[in-house]
Amino acid sequence: MRYQYFSAGNEVRLFEAYADSNGWERHVDRFLENYADEFLIIFEASQMFAYGRVSQKLKEKIKGFGLSYLNELGEV
């Protein structure tokens, strides 16, 4: 799991990486239970992307977030 914040002017981007859908799902559960209210007071999400494979179970859990899904084409 990895979290990185990047900024340019007033824009902040958060990059999160998880080993797999299970790790991401555990994060979503903890985030919604403990941090979502406070986080969403500070940040306004405008675009969200999911890179690589995402389980159907996780897609159902996060469907309200409005993510765009991108499939991996390969690695260099």
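Numbering starts at 1 and runs along the sequence shown.
Annotation: the span from S55 atom OG to D20 atom CG amounts to 9.0 Å, rounded to 0.5 Å. Taking CZ of F39 as the reference point, atom CD of E44 lies at 12.0 Å (rounded to 0.5 Å). Summarising the geometry, atom CG belonging to D37 is positioned 8.5 Å from atom CZ belonging to F31; distances are rounded to the nearest 0.5 Å. A distance of 9.5 Å separates CE in M1 from CD in E16, rounded to the nearest 0.5 Å. Atom CZ of F6 is separated from atom CG of L14 by 9.0 Å, given to the nearest 0.5 angstrom.
Between Y18 and W24, the angle of the ring planes stays under 30°, which puts this pair in the parallel group of the 30/60° scheme.
The two residues A50 and L67 make their nearest non-hydrogen contact at CB-CD2, 3.6 Å. Taking each heavy atom of V28 and K61 in turn, the nearest pair found is CG1-CD, 3.9 Å. Shown here for F65 and M48, the closest heavy-atom pair between the two residues is O-SD, 3.7 Å.
Annotation for Y35: atom OH does not count as buried by contact number, only 12 or fewer foreign heavy atoms lying within 6.0 Å. In this structure, Q4 places its CD atom where more than 12 heavy-atom neighbours from other residues, nucleotides or ligands lie under 6.0 Å away. Within a 6.0 Å sphere centred on CZ of R30, heavy atoms belonging to other residues, nucleotides or ligands number more than 12.
Side chains of R2 and F15 form a contact here, defined as non-hydrogen atoms less than 4.5 Å apart.
Taking the charged nitrogens against the carboxylate oxygens, K57 and E60 have no contact shorter than 4.0 Å, which rules out a salt bridge.
Under a hydrophobic-cluster definition in which Ile, Leu, Val, Met, Phe, Trp and Tyr are linked whenever side-chain heavy atoms come within less than 4.5 Å, directly or via other members, Y3 and I62 are assigned to the same cluster.
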